[in-house]
Structures are given as structure tokens and as C-alpha cells.
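To keep things clear, I will list the structure first and then write my remarks on it.
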There are 2 protein chains.
Amino acid sequence: MKPVNLKRLAEELNLSIATVSRALQDSYEVSAATKERVRALATALHYEPNAYASSLRRNQSKTIGVVIPKVTNHFFALAINGIEEAARQRGYHVLIYLTHDDYAREVAIIQHLKGGRVDGILMSVASGTEDTAHIRSLRDANIPLVFFDRVRSEIATAQVTTNDYESSYQATEHLLAAGCRHIAHLLISNNLSIGRNRLQGYRDALHAHGLPPDPDLILAGTMNNEQNVGRLQDLMQHRPDIDGIFASVERLAVSAYHVCRQLGRRIPEDVKVVGFSNLESVSLFDPPLTTITQPAHDIGREAARILLQAVEKKRAISPSQSVVLNSELVQRRSTATA
Amino acid sequence: MKPVNLKRLAEELNLSIATVSRALQDSYEVSAATKERVRALATALHYEPNAYASSLRRNQSKTIGVVIPKVTNHFFALAINGIEEAARQRGYHVLIYLTHDDYAREVAIIQHLKGGRVDGILMSVASGTEDTAHIRSLRDANIPLVFFDRVRSEIATAQVTTNDYESSYQATEHLLAAGCRHIAHLLISNNLSIGRNRLQGYRDALHAHGLPPDPDLILAGTMNNEQNVGRLQDLMQHRPDIDGIFASVERLAVSAYHVCRQLGRRIPEDVKVVGFSNLESVSLFDPPLTTITQPAHDIGREAARILLQAVEKKRAISPSQSVVLNSELVQRRSTATA
DNA sequence: TTTATTTACGTAAACGTTTACACTCAGCTG
DNA sequence: CAGCTGAGTGTAAACGTTTACGTAAATAAA
């Protein structure tokens, strides 16, 4: 079967390729009658333009790349939803790349994307990333970038984040108000700004209420989940005075539940727990988990919106376009007072 | 700044574009010395080949498309993980498209993909899809396709599924053994083969144990979750004799929990619940949910493996390459006997 | 009428690769 | 020494679009 491309259409209609191309783009240079003829045949033959030829010629791919640590984190799944929604509305495609929080993978992915495969990149940085030269190099390649959630502020571009500091402050105060005095903080990673912001909110809230900081109560998570559980177990056993846990990321909140169960610590009677999470089913937990819930869908949509605007207007992205959205503290039984 | 492409490299090295291209592909026609010179400059200038030019010329994009209903379903998130893993290993890229279970969107996406943007497609059919002409048309466009999980057997291609019938039969028997006699079945959709298979496993298990089928106990879910909850509420109120619920999809299991709570029906004392689910945190539910857990990651990896093999060997995919993986029934307290 | 403008279309170059084919020059063979 | 071989490189066409430019005919302005 002969391929159906512009040449084929042109031959069958006795027109030039140029006219057919213009007709399909609804160019004013083509008469209405010709446009009609072309469109009729195009749909009849199920013509679909070759995306690669078009991309090559126009030097734009109508595709954005999304680089995230993992897709099994519900936050990122929701964010992708928002991204895909915004992208589809403008006729853009979405390429997904997973770093698995691994620095080397992130570098390889970014390098690859510099081949012009995408018009822009949305990125949430891997927790294993320390050096950011690979990200900076995107600027030379002229590929616009917008960070979301896990950002690196030393890169001058827009970022879409949540009010991590404030919500951590608020969550910590919530634990304090519930009577907690020895609150452990489970940190996602030292490399990530969201981790640092959340830690700072926790610290400042303690300080504001006259509680001294206790470095032993701060546990930095790793990529290895079993290791996290083990360390948390050690901590809880050595420090029976712990009466509150603030997990700065969903996975660690779940680990906290498991550890409390194993050690026979009752939630919320013995220990109150609050954690960042986007899982809808936390309300079914035993007991329902008090969460800080980020507007994940909106974050994705907003980040995509900023990126696509820049891509289409061919305008550079400045840090001033950054957006901060508010998370919500949802109180459930895991922090209830007797 | 001048673009760094083959032409640029060729000029700086006083070679022809052809030689540079061949050198970078490690062609035997190029002397070792030249290869070395070319490679050195390429890395020095951070040369990255233009993916679109290459795709256009070779007529292959090193990209596969993944078309799924949603990414917020944990099953699909895990499957994407498996797909991305298999794809990356072979140097392929992954485009994600979400149908949101909407037929029209699915048609538009498939039509778009026929433009040659992808070398192959992995697909889980939308529950809203009845007619499959758009899927069949992929064959004419010569784009290989592999189904996973939500398949349409009338399309002659490979499919990766789980033993839905057997695990449903087993889950139903598990409820029967726990003493249930009036088991409701929450169905995902009448359009999907997985729904039908799961329903059939439920029916046959009942029949094998001498229980008559009761159509009133079969509730077909819709895309509207609130509606599902409402209907389930009605059902549970009209039929206080219901002592078991078998949810054929995660979302409906969660809804069942909510409804039982609202109506004050205790799990597992009054009603026992089992559901398909890939959520790891079901063990934290109140009570922990007995699940049929699908090997989602393996499903994705296997489907991608079959597809990529066909793409690389330029070989058609036959239904005989289909794979059936086994799900696992994980017993937890939601089906415990007193 | 001549000249300018507009309308509708065609010609051909370009995007960056890949690759069939041609070519040159050593080093051989007979 | 003519003819051949093969290693290494170059020339140019091709992939399917888009688009700057050219052009012919029709219309409007002079």
C-alpha cells in the first residue's frame, strides 16, 4: 500500500505539495474550493502528518519532557495528570522519564533530551542529585525548564512549589497543640530544598514554643526503605519519650505507622503522627492519618502552563514567574487528643 | 552560538558529513584514527544527534506510546515503572497518553499516533470503549500493538493479562469459606474483558458451592465515583443480608469501606471485603484489606518486552505471544473469621 | 490603455540524518 | 606493468514537511 503523505495527496489532486500543505494549515493563500478538495481527500485517506518531518523542519516537536523521580509516588501521578491535561489542551505530547532518584540516570536523561527531542522540560530533581551542571547546560541548549516541587533554586528558572515552610510550621504547631513535646522529624533528604524548608518550619515552630532543638530526633531518610524502617525502629526504641512524629514525605509516614505497630505504640494515644501525603485512602488508615496534602494536580497543571507559554512565545523563563501554591492540613484521628 | 550538528563537526575536522556520521556509528568503513578524532570533538562540543532528523530518515523513532485510562490508579503507575525499565534498557523513549476512560479521547490519541510518532503502542483499553475500529486501524498503519490488563481479544495481537478468572474464583471461595452467603460483586465495567472474567470467576465459584446467582448483588460501576458510592449505599440498605463484598477494582473496594463505615456495618464482623488492589498501604487500613494483587510491574515489563522485540525484529505480533501472569490473594483482616 | 495589486498556485531550498554509490589511492596479483 | 582489490573517504539523494520566493492570471487603479 502506497504511503499517504503530502506527495500522494498532491498527485491525486493534481496540485503541488506546497498547496496541499498550505491547504491543510488553512493558509489564506489557498482558495476555499481547493481547501475543501484537499481536506476531503485527506480525511478519506486518513492522512496524518509525519510528526518527525514537521518537527525537523519547524525545529519544534510539540513535545515536553517530564523528568521525575518515580511515578509510583501518588504525588507525581497526580502531577502528571495535571501536566497531561495542560499539554493536551495545547496539542502537546508528554514524554515521561524516571530518575528513580538516581543522579547518574538524571544526567543521562538530561543529556539525551538536549538532542532536541523536546521543546521544554518539567522537572522534579532526584534526591541523589548534588551537582547541577547537567541542568544548567539546558540553558545553552536553549531548552526551557520549569521545576516543580523538588527544585534547585540556584538554577535561574521558574519553579512551582508549595508553601512547605508554612505548612510544616503549622503541622508542628498542630502536634504541639495536641500535647506533643518530643516530636521526631522524618526528613526526605538533605539535598532537597523541600526537605530543608520542611525541616526549618518544624524547627522554627519548636523554637517559637520554647522547645529546644534536639538533633537526635531528626532522621534523614535514604532511598532504601527497609533501612529507613530499621533506623526509625532504633530511634523509637532508644527514645521512648517520643510522642509525635512528623513525616515530611508519604513513604516515611507509612513507615512510621508500621514501626509504631511493631513496637506496640498506639496512635494517637502514645504517639501522634502527621505526614505529607496525597493518598486518598489515608482516611481508611487505622487510625486515619492527619496529612498535609499538596495540590498535586494544580502543581502539574501550573508548571506545564508556565512552560508551554514560554515555549509558544519563545520567551525565556524567569524566576519571577514562580508560583507558590498552598497545601492543606487535613486533621484526622492520628493526631486527635483524648 | 553555532549549532553543533554533523555539518559543524565535519567542517571543524575537515571531513565530510558522511564520514562523521559513520564514525559516530562506529562503522567499519572508518579508520580507527578518524573515529577517535570525531569522537573527541563530539564529546568536547557536547554533540547530541537530532532525534527528529534521525527518525525521519530511518523511519523509526525509538519511542513507544503508552495509552492508559489513568495514571493515578496505582496499578498503572507500577506498570509504567515496568515499561519504562524495559524501554530504557533498549534505548527507547516512553510517551504517555491518558484516556481518562473516555472513548473519544482514546480515538483521538490513536489517530494521532498513526502519524508515525511511535514505533509501537502499549495499551490498556478505556472502559468507555465499545467500538474498536480505531484500534484495528493501527494494523494498516503498520504500528505494532500489545495490550495489557484491559484487553480486547477481537484484535489479533499479543496481550499480557493476569489470571483474573482464577483469582476471582479463589477470592470468592475465600469469602465463602469465611462464612459469607450473600456476596455482592462490584464490577468495573461491562465493556471490559477483565470485568467479565472476574464476574465469571465469582459466578462460577458461587455455583460450585450450590449458591444461586442473584443479579441484584451485581453492581456495575461507572466512571463517576460518587454515583458508585450512592448506588452501593442503596444496595447495602436494601439488602441488609449482604455479608460479603468482592470489589473487582481498587477504587470500588475503597468505596465499599466508606459505605460500610457510613452505614455502621463492621468489617469483618458484619461484612467481609476483598478487592483487587495494588496499594501497598492497604495493610494500614482499618481493618487491613484482603486483596488480589496483580504483578503490575511485571505486566508492564513483559508487555514492553514483547512489543520491543517485535519492533526491533520488524516482525508481526501474534496472539500466540500472549502471556498470563498470576495474581496473588493476600489475606488480611477484612476477611478474617471470628 | 498601461501599470499596480491581489489571488492562487508552483518551484525549490531547507531542516539534520543516513546511506547507496562513486571515487581515490595503496598495495597486490598475474 | 596492466588490472584488480579493498580500505577510507566523498558526493548526493532521500526521508516528509514547511516556507521564501517566483509567477501567472485576474482584478483594480491610473
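Below, each value reflects all heavy atoms present in this structure, side chains not excepted, and no hydrogens, waters or symmetry copies. Predicted model, so just to flag it, every value in this text is computed and none were measured.
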Measure from CD on B:Glu48 to P on C:dT17 and round the result to the nearest Å.
10 Å
Will you find, in the side chains of B:Ser189 and B:Arg150, an N or O donor that is under 3.5 Å from an N or O acceptor?
no
Please give, in whole Å, the distance from C:dA14 C1' to B:Lys7 NZ?
10 Å
Looking at A:Val125 and A:Pro69, what are the two nearest heavy atoms and their distance?
O-CG, 4.0 Å
Compare every heavy atom of A:Leu56 with every heavy atom of B:Leu56, then report the nearest pair and how far apart it is.
CD2-CD2, 3.7 Å
In whole Å, what is the span from the CZ atom of A:Arg117 to the P atom of C:dC15?
21 Å
Min side-chain heavy-atom separation A:His134-A:Gln111 under 4.5 Å:
no
What is the distance, rounded to the nearest whole Å, between atom CG of A:Leu56 and atom C1' of C:dT17?
8 Å
Counting only non-hydrogen atoms, which of residues 14-38 of chain A are less than 4.0 Å from DNA chain C?
A:Asn14, A:Leu15, A:Ser16, A:Ala18, A:Thr19, A:Arg22, A:Glu29, A:Val30, A:Ser31, A:Thr34
note: A:Leu13, atom CG; C:dG10, atom C1'; distance rounded to Å ~ 15 Å
Measure from CG on B:Leu6 to C1' on D:dA12 and round the result to the nearest Å.
15 Å
What does A:Asn5 touch in the nucleic acid at a heavy-atom separation under 4.0 angstrom: a base, only the sugar-phosphate, or nothing?
sugar-phosphate
Describe the nucleic acid contact of B:Asn59 in one word from base, sugar-phosphate, nothing, applying a heavy-atom distance below 4.0 Å.
nothing
Answer yes or no: is there a side-chain heavy-atom contact under 4.5 Å between A:His100 and B:Glu84?
yes
Could you tell me whether A:Glu302 and A:Arg305 have a side-chain N and a carboxylate O separated by less than 4.0 Å?
yes
A quick test of your reading: do over 12 heavy atoms of other residues, nucleotides or ligands sit less than 6.0 Å from CZ of B:Arg139?
no
Give a yes/no answer on whether the side chain of B:Arg58 brings an N or O atom under 4.0 Å of OP1 or OP2 in C:dT18.
yes
Within the pair A:Tyr47 and D:dT17, is there a side-chain N or O less than 4.0 Å away from OP1 or OP2?
yes
Interatomic distance where CG belongs to B:Asn50 and C1' belongs to D:dG16 [whole Å]
14 Å
